[in-house]
Amino acid sequence: MKPLRKAVIPVAGLGTRFLPATKAIPKEMLPVVDKPLIQYIVEEASEAGITDLILVTHSDKSAIENHFDKRYELESELIRRGKTDLLEIKRGTTPENIRIISVRQPEALGLGHAVLCAEPAIGDEPFAVLLPDVLMYHPHKGCLKQMVDSYNRTHTSIIALTEVAMDEVEKYGIADVEGSDLRIAGMVEKPKPEDAPSNLSIVGRYIFTPRIMEILKQTKKGAGGEIQLTDAMAELLRYEVMFGFTFDGVSYDCGDKQGFLQANVEYALRDKALGKEFREWLKLFASSL
Ligand code: UTP
């Protein structure tokens, strides 16, 4: 199996849960503290050794590509004003070891379809998929890096899983796992608690063998009339073993307002420059409620 060096980030969705904020701004550009979501994800991919990032995008989402572009006027203005610290921050937006390629998904036909749109750039290599609205926090070793270490041992597809409360399983794709190595036996999309095989939800980081692309080409529309990645994963299980991976860290579903707010609070508390003052304010504020 070839080494893992490519990753797909699908950013062509409609972001309806965040309207009206996402009417003119892509959801992936919403900031957590001072960085847009997409930047955290690109940094996580870079840390994991990814060199080729494929953004699956849409004509309404050019702000994302622009974010990773150079802005000469801004740079020369910062130089003119002597703001070298801000210049460094600006220049650090795109990690040096990463090439970003864009492909278009003309219509939001579902996550599975978005991943399939990246096929010409993936070829017959294994690849990762990172959902940009899921932030995975770990102080030293990001989620994808942890998964790549695991992939280098198994050379199989690997799916990140996180525990959710049993009464919340209806919101997520839930994995049926076997044994301590979390071999995946099946997947159920949004089950009722009484039908759920576990409380391990599929959480927005995946590593796939290239066969998933062949399967996606045959995958018909599923739940919500969309081409579902979960359906293709269930089919992949008929041919290959797949393992679950429970991330040692915290995940935030920033596509959801609660998750987004919580991520902002936690990242602000951890921020070296802001954290101390923000913590004091938050304590006072919470005690006044
Ligand atoms: P979501 O379903 O969470 O995002 O997809 P969404 O559809 O944009 O948001 P809501 O549900 O309407 O609020 C997860 C990721 O997959 C991308 C989205 O951009 C998001 O980053 N996606 C989803 C695509 O690129 N194409 C699709 O057809 C669907």
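Counting starts at 1 for both ligands and their atoms, following the listed order.
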State the atoms of ligand 1, each with its element, that fall below the 4.0 Å cut-off from a heavy-atom position in A108.
28 (O)
Ligand 1 atoms in contact with A114 (distance to a heavy atom under 4.0 Å)
24 (C), 25 (O), 26 (N)
Please determine if P10 has a nitrogen or oxygen closer than 3.5 Å to a nitrogen or oxygen of ligand 1.
yes
Please state which protein non-hydrogen atom is closest to atom 3 (O) of ligand 1 and give its distance, to 0.1 Å?
R17 NH2, 2.9 Å
Looking only at protein heavy atoms, which one is nearest to atom 22 (N) of ligand 1, and what is the separation?
G13 N, 3.5 Å
Test item: side-chain donor near acceptor, Q39 and E43, under 3.5 Å:
yes
So which heavy atom in the protein is nearest atom 25 (O) of ligand 1, and how far is it from that ligand atom?
A12 N, 2.7 Å
To which protein heavy atom is atom 4 (O) of ligand 1 closest, and what is the distance rounded to 0.1 Å?
K27 NZ, 3.0 Å
Counting non-hydrogen protein atoms only, what is the nearest one to atom 26 (N) of ligand 1? Give residue, atom name and distance.
Q105 OE1, 2.7 Å
Run the numbers for me: atoms of ligand 1, each under 4.0 Å from some heavy atom of L14, listed by number.
6 (P), 7 (O), 8 (O)
Using heavy atoms and a 4.0 Å limit, tell me yes or no: is G110 in contact with ligand 1?
yes
Working note: H113 + E226, criterion side chain to side chain donor-acceptor pair (under 3.5 Å); need CA distance, chi angles, decisive distance, verdict.
CA-CA 8 Å; H113 180 256; E226 296 190 334; over 6 Å; no
Side-chain donor or acceptor of S157 paired with backbone N/O of T209 under 3.5 Å:
yes
For ligand 1, which atoms, with element, lie under 4.0 Å from some heavy atom of L109?
28 (O)
In this structure, does ligand 1 have an atom that sits under 4.0 Å from one of the heavy atoms of E28?
yes
Under the 6.0 Å and 45° cation-pi test, does K190 pair with Y172?
no
Donor-acceptor pair, side chain of S198 and main chain of L200, under 3.5 angstrom:
yes
By number and element, which atoms of ligand 1 are closer than 4.0 Å to a non-hydrogen atom of L111?
16 (O), 29 (C)
D149 vs K141, salt bridge (Lys or Arg N to Asp or Glu O under 4.0 Å): CA-CA, chis, key distance, verdict
CA-CA 11 Å; D149 289 351; K141 197 174 179 185; 2.6 Å; yes
Would D52 and R99 satisfy salt bridge (Lys or Arg N to Asp or Glu O under 4.0 Å), going step by step from the backbone distance to the final call?
CA-CA 5 Å; D52 291 38; R99 281 197 305 170; 2.5 Å; yes
For ligand 1 and G15, I'd like to know whether there is a polar contact (N/O to N/O, distance under 3.5 Å).
yes
Carboxylate-amine/guanidinium contact K217 E214, below 4.0 Å:
yes
Check the orientation of F285 and W281. Use parallel for under 30°, tilted for 30 to 60°, and perpendicular for over 60°.
parallel
Would you say the rings of Y137 and Y267 are close, in the sense that their centroids are separated by under 6.0 Å?
yes
In ligand 1, the atoms that come under 4.0 Å of a heavy atom of D133 are 3 (O), 14 (C)
Which residue owns the protein heavy atom closest to atom 12 (O) of ligand 1, what's the atom, and how far is it?
T16 OG1, 2.5 Å
Which of the atoms of ligand 1 are close to V11, meaning less than 4.0 Å from one of its heavy atoms?
19 (O), 25 (O)
Relative to the heavy atoms of P132, which atoms of ligand 1 are at a distance of less than 4.0 Å?
21 (O)
Decide yes or no on side chain to side chain donor-acceptor pair (under 3.5 Å) for S46 and N97, but give the supporting numbers first.
CA-CA 7 Å; S46 165; N97 53 343; 3.1 Å; yes
